Amino acid sequence: MMAQRVVVAGGAGYIGSHVCVALLDAGRDVLVIDDFSNGSPIALDRIREVTGRDFETVAADLASQADRARIEDAARAFAADGAVLLAGLKAVGESVEEPLRYYETNFGAAAGLLHAMAAADAKALVFSSSATVYGDLNASPVSETAKIGAVNPYGRTKQFIEEILRDHARATPGFGVVNLRYFNPVGAHESGRLGEDPNGVPNNLFPYIAQTAVGRRDKLHVFGNDYPTPDGTGVRDYIHVVDLARGHVNALDYLARTPADTADDRVVDVNLGVGAGASVLEAIAAFKRASNRDVPFEVVARRPGDVAEIYADPARAKALLGWTAEKTLDEMCADHWAWQRDNPDGYGDASD
Ligand code: UFG
């Protein structure tokens with residue numbers, strides 16, 4: 001049976017809000033659990049607006065013992081039969097400064113959600129893992145059988161949570177997991193009503209480009225142009241967040257139709273990427289075309305920890321989930337720009 005009633009942990013965040021839309025548009029019911037430490041309650045209203053559907057929310061911290069009973073009661077009352085785990089901290093640099101906070105928060109969120117699922121007897125889980133688990137050990141395209149070796153605490157929380165989920169699935173009859181290893185999610189909902197609203201100065205390329213194009217930042221720093229890539233700048237697999245979100249619905253459907261109750265195929269690792277790379281300079285050029293704005297930039301030193309190039313082999317997503325990315329880099333830029341233009345301060349300036 002398909003998971004019809006899905007707990008979305010971290011549903012008010014950038015990716016979570018788009019996952020909620022994909023699930024609601026596919027006719028599923030949703031229960032959001034979020035502590036709003038990074039996500040916004042306004043995003044939840046916008047999800048209702050673009051889908052025309054309502055859903056319940058529990059404002060709670062999955063890692064908190066004090067909130068646990070309330071979360072478990074809510075999952076049970078909702079009669080959850082599936083879940084998506086997106087809740088967690090996600091800034092690489094911050095994780096190097098405060099590793100303990102990253103481990104406590106991200107492991108705590110995973111454990112809290114597993115307890116809530118047990119309370120409701122829900123057995124299908126999709127986890128927001130990351131291509132960061134591949135570290136810098138592999139040539140691209142990277143398939144799921146590549147070597148694993150995250151290079152910072154944030155990445156190691158993703159890597160270790162994959163292992164925690166493997167252990168939990170082995171110990172729990174009927175429990176199935178898809179670890180979705182995201183490449184670089186960008187873009188926004190086509191309505192322009194939902195998008196990425198990073199706290200403070202953005203760490204990632206697209207929000208930084210977008211804030212530069214809209215005039216909130218003076219210029220973009222391009223981290224190195226002496227990599228062994230065609231134009232010397234870093235190459236990544238940018239994937240539209242709406243394509244990515246759709247992959248979560250496919251992953252839940254995969255778990256529902258995969259009967260095996262033993263062995264490793266109850267936990268599968270699946271890349272979500274387009275399967276091709278774009279350089280920093282190509283991303284800037286595409287964003288300029290989409291926005292018709294200038295994006296001033298300056299080339300500076302490489303950022304420690306960056307790899308020259310990484311992009312996905314997305315064959316398994318197609319074979320197992322029936323999923324392929326559909327949207328182009330130009331569409332990613334157009335949708336990211338429409339969101340940034342209409343919401344220059346993210347949800348912070350939203351009056352409705
Ligand atoms: N870049 C710049 N200037 C910026 C920001 C980024 O030139 O201001 C470059 C980077 O050097 C890299 C590319 O743009 O070549 C993409 O950088 P992002 O920070 O957007 O993305 P990353 O690939 O570094 O990060 C992604 C995920 C993280 C994950 C990381 C691990 O966003 O969650 O992969 O590799 F941890």
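Everything quoted here is computed from the prediction, not taken from an experiment. Just so you know, ligand 1 is whichever comes first in the structure, and atom 1 is the first atom listed for that ligand.
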Is a side-chain donor-acceptor pair under 3.5 Å present for [Y] with [X]?
| X | Y | value |
| --- | --- | --- |
| Y134 | R181 | yes |
| D231 | T233 | yes |
| N271 | D313 | no |

Please state which protein non-hydrogen atom is closest to [atom] and give its distance, to 0.1 Å?
| atom | result |
| --- | --- |
| atom 36 (F) of ligand 1 | Y154 CE2, 2.9 Å |
| atom 35 (O) of ligand 1 | T132 OG1, 4.1 Å |
| atom 20 (O) of ligand 1 | L205 N, 2.8 Å |
| atom 26 (C) of ligand 1 | N184 ND2, 3.8 Å |
| atom 18 (P) of ligand 1 | N204 ND2, 3.5 Å |
| atom 3 (N) of ligand 1 | H221 O, 2.7 Å |
| atom 23 (O) of ligand 1 | R236 NE, 2.7 Å |
| atom 9 (C) of ligand 1 | V280 CG2, 3.7 Å |

Is it true that [X] and [Y] have a side-chain N and a carboxylate O under 4.0 angstrom from each other?
| X | Y | answer |
| --- | --- | --- |
| E104 | R101 | no |
| D81 | R28 | no |
| R70 | D73 | no |
| K158 | E162 | no |

N/O to N/O below 3.5 Å, does that happen between [X] and ligand 1?
| X | result |
| --- | --- |
| D306 | yes |
| F223 | yes |
| R303 | yes |

Handout entry: Whether F206 and Y238 hold their rings parallel, tilted or perpendicular, with breakpoints at 30° and 60°
Key = tilted
Short list, please: which atoms of ligand 1 are under 4.0 Å from a heavy atom of [X]?
| X | answer |
| --- | --- |
| V92 | 36 (F) |
| V222 | 7 (O) |
| L220 | 8 (O) |

Problem - D342 and R193: CA distance, side-chain angles, deciding distance, salt bridge (Lys or Arg N to Asp or Glu O under 4.0 Å) verdict - result: CA-CA 8 Å; D342 296 350; R193 300 292 283 163; over 6 Å; no
Practice task
Heavy-atom distances under 4.0 Å are what count here, so tell me which part of N203 touches ligand 1: side chain, backbone, both or neither.
Solution key: backbone
Practice task
Say whether Y238 and ligand 1 are in contact under the criterion: heavy-atom distance to a ligand atom below 4.0 Å.
Solution key: yes
Problem - Remaining members of the apolar cluster that contains V92, side-chain heavy atoms under 4.5 Å - result: L89, Y102, Y154
Problem - Protein contact for atom 11 (O) of ligand 1 (heavy atom, distance under 4.0 Å) - result: yes
Practice task
Please examine the side chains of I42 and N343, heavy atoms only from C-beta on, and report whether any two atoms are closer than 4.5 Å.
Solution key: no
